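Because only heavy atoms are used, hydrogens play no part in the values below, and waters and symmetry mates are left out as well, while side chains stay in. Quick caveat: nothing in here was measured; it's all calculated off a predicted structure.
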Amino acid sequence: MKTKKIVIKSTSGFCPVDYAYNDKLTITANSIAYEYKPYLESDNSLNVRRKWSYKTTNSIFSSAFEKIAVAVNEILSRDQKAMYCDSGNIDFIVTYDDGNKVARELGVPADEFADCFKIIQEIIPVTEDVPEAIRISEDYDDE
């Protein structure tokens, strides 16, 4: 089966309510879209709602999507049993070209999926921040 769409959702986990959020990253062979929803929107731009999308016919993008699909399918097949109590969830939802969906909710840090998330970061428009759903520890070192 060929992958048609990949959705990655995340939640903030244990943190002050000022930083709590839900977000969703949607990727297809020719598009990427992101939405970030804070639990409480702040006036100081620390935790504000964000939404963007990008569409392209570039073959480099569709090639990256194929690599991402392979990496996500590997994640879905992992025997991952660990759950972190203070970590938010990361949900992977894959839709295949025949309409079937596979979903998996994992309560582990994003670093567990760093190889996959680094590929996704390559297709994020340069004007946008790295989505929280795919932010790994080395992304925080830049702040």
Side-chain angles (χ1 to χ4, degrees), residues 1-42 45-97 99-143:
M1 285 181 288
K2 188 171 170 138
T3 301
K4 181 178 175 182
K5 178 170 71 171
I6 299 166
V7 176
I8 302 171
K9 296 180 179 182
S10 75
T11 58
S12 53
F14 182 75
C15 67
V17 71
D18 294 341
Y19 296 101
Y21 70 87
N22 291 306
D23 69 343
K24 179 170 96 170
L25 182 67
T26 305
I27 311 165
T28 69
N30 65 352
S31 69
I32 185 166
Y34 180 65
E35 185 169 15
Y36 176 92
K37 296 178 185 176
Y39 181 74
L40 293 176
E41 195 161 351
S42 63
S45 76
L46 287 176
N47 204 19
V48 295
R49 186 180 183 101
R50 295 187 297 271
K51 187 175 184 176
W52 54 261
S53 62
Y54 176 75
K55 197 167 198 167
T56 184
T57 57
N58 189 321
S59 63
I60 295 170
F61 190 97
S62 58
S63 176
F65 176 76
E66 295 302 323
K67 291 178 188 173
I68 295 163
V70 168
V72 169
N73 281 325
E74 185 273 322
I75 290 168
L76 292 174
S77 67
R78 285 185 191 175
D79 184 25
Q80 190 112 22
K81 294 187 175 134
M83 293 291 282
Y84 291 62
C85 295
D86 59 349
S87 178
N89 287 333
I90 299 176
D91 300 345
F92 293 89
I93 305 146
V94 177
T95 304
Y96 297 98
D97 58 358
N100 284 327
K101 285 186 180 185
V102 174
R104 182 136 188 231
E105 180 180 338
L106 298 161
V108 296
D111 284 0
E112 294 281 329
F113 317 113
D115 293 342
C116 176
F117 290 172
K118 285 179 182 179
I119 301 168
I120 297 171
Q121 288 180 13
E122 292 174 9
I123 61 170
I124 302 296
V126 295
T127 57
E128 302 299 339
D129 291 331
V130 174
E132 289 297 325
I134 62 167
R135 210 172 246 251
I136 55 177
S137 58
E138 64 191 52
D139 296 322
Y140 294 102
D141 295 340
D142 295 340
E143 294 179 354

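- Distance check: Lys101 NZ to Thr95 OG1 gives 4.5 Å after rounding to the nearest 0.5 Å.
- Considering only heavy atoms from C-beta on, Ile8 comes within 4.5 Å of Phe117 through its side chain.
- Between Tyr39 and Tyr21, the distance from one ring center to the other does not fall under 6.0 angstrom.
- By the 4.5 Å heavy-atom criterion applied to side chains, Leu25 and Ile32 are counted as neighbours.
- Counting only N and O atoms by type, the side chains of Ser10 and Asp23 include a donor and acceptor under 3.5 Å apart.
- In summary, the side chains of Thr11 and Asn89 do not present any donor paired with an acceptor at a separation below 3.5 Å, with no hydrogens or angles considered.
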Test side chain to side chain contact (heavy atoms under 4.5 Å, CB included) on Ile6 and Phe65; report intermediate values, then the result. CA-CA 9 Å; Ile6 299 166; Phe65 176 76; 3.8 Å; yes
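- At a threshold of 4.0 Å, the pair Arg50-Glu128 does not count as salt-bridged, since none of the basic side-chain nitrogens sits closer than that to a carboxylate oxygen.
- Between Thr57 and Asn30 the shortest side-chain heavy-atom distance does not fall below 4.5 Å.
- Lys9 is not listed as a side-chain neighbour of Ile90, based on a closest heavy-atom distance of 4.5 Å or more.
- For the pair Lys5/Thr3, no side-chain contact is recorded, criterion being any heavy-atom separation below 4.5 Å from C-beta on.
- Side chain of Thr56 to backbone of Asn58: a donor-acceptor contact under 3.5 angstrom is found.
- Atom NZ of residue Lys4 and atom CG of residue Asp97 lie 8.0 Å apart, to the nearest 0.5 angstrom.
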CA sep, side-chain torsions, deciding dist, call: Glu112, Leu106, side chain to side chain contact (heavy atoms under 4.5 Å, CB included): CA-CA 10 Å; Glu112 294 281 329; Leu106 298 161; over 6 Å; no
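- Between Pro131 and Ile124 the shortest side-chain heavy-atom distance falls below 4.5 Å.
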Begin with the C-alpha distance, continue with both residues' side-chain angles, and end with the deciding distance and a verdict on salt bridge (Lys or Arg N to Asp or Glu O under 4.0 Å) for Glu35 and Arg49. CA-CA 8 Å; Glu35 185 169 15; Arg49 186 180 183 101; 2.5 Å; yes
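- For the residue pair Asp139/Gln121, the side-chain donor-acceptor check at 3.5 Å is satisfied.
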Start with the C-alpha gap between Lys118 and Glu122, add the side-chain angles, then the distance that decides, and say whether salt bridge (Lys or Arg N to Asp or Glu O under 4.0 Å) holds. CA-CA 7 Å; Lys118 285 179 182 179; Glu122 292 174 9; over 6 Å; no
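- Taken from CG in Asn22 to OG in Ser12, the straight-line distance is 7.0 Å, to the nearest 0.5 Å.
- Looking at heavy atoms from C-beta onward, Arg78 lies in side-chain contact with Phe113 at the 4.5 angstrom threshold.
- For Tyr34 and Tyr54, the gap between ring centers reaches or exceeds 6.0 Å.
- Checked by atom type, the side-chain pair Ser31/Thr28 shows a donor-acceptor distance below 3.5 Å.
- Taken to the nearest 0.5 Å, the CG atom of Asp111 stands 6.0 Å off from the CD1 atom of Ile136.
- The shortest distance between side-chain heavy atoms of Ile123 and Ile68 falls below 4.5 Å.
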